[in-house]
Amino acid sequence: MSADPGRWQPRRRRGALGLAVAGVAALGLLVVGALRGTLVYYRTPSEVLDDRPPATDRIRLGGTVVPGSLHELDGTGTRLRFRITDGRREVMVEQRGAAPPGTFAAGRDAVVEGVLADDGVFESDTVMVKHSNEYRSAGSPR
Amino acid sequence: MASALGHPARQARNGAAARRRDLCWLAGGLGGAGLASALLVAPSDAVQGDVQRLMYVHVPAAWTGYVAFLVALVCGLRYLIGRDLRFDRYARAAAEVGVAAVGVTIAVGSVWGHAVWGVWWTWDPRLVSTALLLVGQVGSLAARLLDDDPHAGARRAALVGTVAFTLVPVTHFSVVWWRSLHQPATILAPDLSPPIDPLMAATLLLCVLAFLAGAGWLFLWRLSPRQPVVTARPTSRTPRTPSGSSPASYDRPAWTVHAGSDTASGDEPPGHRRRPVGCDTSG
């Protein structure tokens, strides 16, 4: 084979680099996913109350925002208090951080990230709204 | 040998190009109609408002990605069975289209997620598995480049692509198998009456067809000889001769060994002598 070795280099290098990047990325995704609780993405109120995580563990808590429990502690939406329920038990949440999206409302599902303090109040810094798989019209088309 | 329309291979090339053009027009038409429907006809969502219209890009892109990776899987397996490098070409083009589609899915999904969920990204099973799928398919494309021998590269790519395809069902069912922020499927679910407004569903269908047509065009475009292709380098410096290399068959496989650049020019080489035998009509 009288191929010029210099001509082969770029393609193989690209391939090796691409494969290495893909491999590292995949490994990274799996590791961070494991660390950030991908497989148990959130716990329910019953679970955290039955098996209380230490106050140092950052976890996610998911459930429905109890209607009527939502209170804004300041006008900008950066401090909220509400209760999260899974239909059986409730956890009080104190959210301090960026204001939740406009979809956040009582009666809707949410997932909060933070720590369960010793007094049983979940201190969260992130509120994520979990919406259902339903797509309904708001009214007349635009 | 030339007919009134010209050399048979040029006819074939024009036929393929004409088909691509038609598909491009179809995709454009469906896309235009889909865009108009998404913006004007489909109603706002009761919970999410107008930002929900991103669904008409996000969902078709995701489904197109799944279909593209399925095509890549089938072609890769078909290559492994018969060692026909044509199928490796198809697998590569399909994987490229799929990677682009999933990239769009993740990007649009991120914007939508920020608006509705409140975060650009989260480590929930749907998002992580989609990202793994993307990375795995990129890996299959890269794996092909590792070998100078086209067959070794094709085999490697087919194997990595087959493993990566297992992430398609994992991604789809991730919202069912594990707890996630991403909601369960609305349409690709066992529910016989999907909980979606009929106008939204119709718009979504239109956009899915547009995306599939566009992906089909992109797939054919990647396979066309005017695209730079990753060809086998010559194993010896044989000059291009009329009796040696394949004659002017423009849709010939990328792996045809020929001296010269790795960009198939589509032009007949000078001094080419038309010969019916050895005319590579494959691809």
**Request:** Taking side-chain contact (heavy atoms from CB on, under 4.5 Å) as the test, write out the residues that go with Ala38(B), two or more places apart.
**Result:**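 Once residues adjacent in sequence are excluded, the partners of Ala38(B) under the side-chain contact (heavy atoms from CB on, under 4.5 Å) criterion are Tyr56(B), Thr203(B).
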Minimum heavy-atom separation for [X] and [Y], please, with both atom names.
X         : Y         : result
Ala46(B)  : Ser137(A) : CB-O, 3.8 Å
Leu132(B) : Leu30(A)  : CD1-CD2, 3.6 Å
Ala142(B) : Leu19(A)  : CB-N, 3.4 Å
Leu146(B) : Gly15(A)  : CD2-C, 3.6 Å

**Prompt:** Counting N and O atoms only, with roles assigned by atom type, does the side chain of Asn133(A) sit under 3.5 Å from a partner on the main chain of Ala185(B), one being a donor and the other an acceptor?
**Reply:**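 A pair under 3.5 Å: yes.
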**Message:** Strictly distance-based, threshold 3.5 Å: is any side-chain N or O of Asp45(B) a donor or acceptor partner for the main-chain N or O of Arg136(A)?
**Reply:**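 Checked: pair present.
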**Asked** What residues of residues 113-129 of chain B sit under 4.5 Å from chain A when you count only heavy atoms?
**Response**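 Counting heavy atoms that sit under 4.5 Å from chain A, the residues of residues 113-129 of chain B involved are Ala115(B), Val116(B), Trp117(B), Gly118(B), Val119(B), Thr122(B), Trp123(B), Asp124(B), Pro125(B), Val128(B).
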**Request:** For each of Val32(A), Leu35(A), Leu17(A), Val40(A), tally heavy-atom pairs with chain B at distances under 4.5 Å, and name the one with the top tally.
**Result:**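 Result: the option with the highest number of such pairs is Val32(A).
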**Asked** Mind checking which of residues 87-101 of chain A sit less than 4.5 Å from chain B, heavy atom to heavy atom?
**Response**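 Within residues 87-101 of chain A, the residues that come under 4.5 Å of chain B (heavy atoms only) are Pro101(A).
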**Asked** Which region of Val21(A), side chain (C-beta onward) or backbone (N, CA, C, O), has a non-hydrogen atom less than 4.5 Å from a non-hydrogen atom of chain B, or is it both or neither?
**Response**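 Neither the backbone nor the side chain of Val21(A) comes within 4.5 Å of chain B.
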**Region of Thr38(A) in contact with chain B, defined by heavy-atom distances below 4.5 Å** =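 For Thr38(A), heavy atoms of backbone and side chain both lie under 4.5 Å from chain B.
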**Request:** Heavy-atom distances under 4.5 Å only: say whether Gln52(B) touches chain A with side chain, backbone, both or neither.
**Result:**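 Contact with chain A is through the side chain of Gln52(B) alone.
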**Message:** Under 4.5 Å from any heavy atom of chain A, what part of Asp191(B) do you find: side chain, backbone, both or neither?
**Reply:**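 Contact with chain A is absent: no heavy atom of Asp191(B) under 4.5 Å.
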**Request:** With rounding to the nearest 0.5 Å, note down the distance linking CZ in Arg11(A) to CZ in Arg144(B).
**Result:**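 Going from the CZ atom of Arg11(A) to the CZ atom of Arg144(B) covers 9.5 Å.
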**Asked** With sequence neighbours excluded, what pairs up with Tyr79(B) under the ring-ring contact (aromatic ring centres under 6.0 Å, His included) test?
**Response**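 Checked Tyr79(B) against ring-ring contact (aromatic ring centres under 6.0 Å, His included); matches are His151(B).
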Would you say that [X] contacts [Y] through its side chain, given a criterion of any heavy-atom pair below 4.5 Å between the two side chains?
X         : Y         : value
Trp178(B) : Leu39(A)  : yes
Lys130(A) : Gln183(B) : no
Asp148(B) : Arg12(A)  : yes

**Request:** Go through Asp147(B), Val47(B), Val138(B) and name the one with the most non-hydrogen pairs under 4.5 angstrom from chain A.
**Result:**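 Among Asp147(B), Val47(B), Val138(B), the one with the most close pairs to chain A is Val47(B).
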**Request:** For chain A, find which of Ser180(B), Ala131(B), Gly139(B), Pro184(B) contributes the most heavy-atom pairs closer than 4.5 angstrom.
**Result:**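 Max contact count across the listed options: Ser180(B).
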**Asked** Within 45 degrees of the axis of the six-membered ring of Tyr41(A) and under 6.0 Å from its centre: does Arg179(B) put its NZ or CZ there?
**Response**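 No, a cation-pi geometry is absent between Arg179(B) and Tyr41(A).
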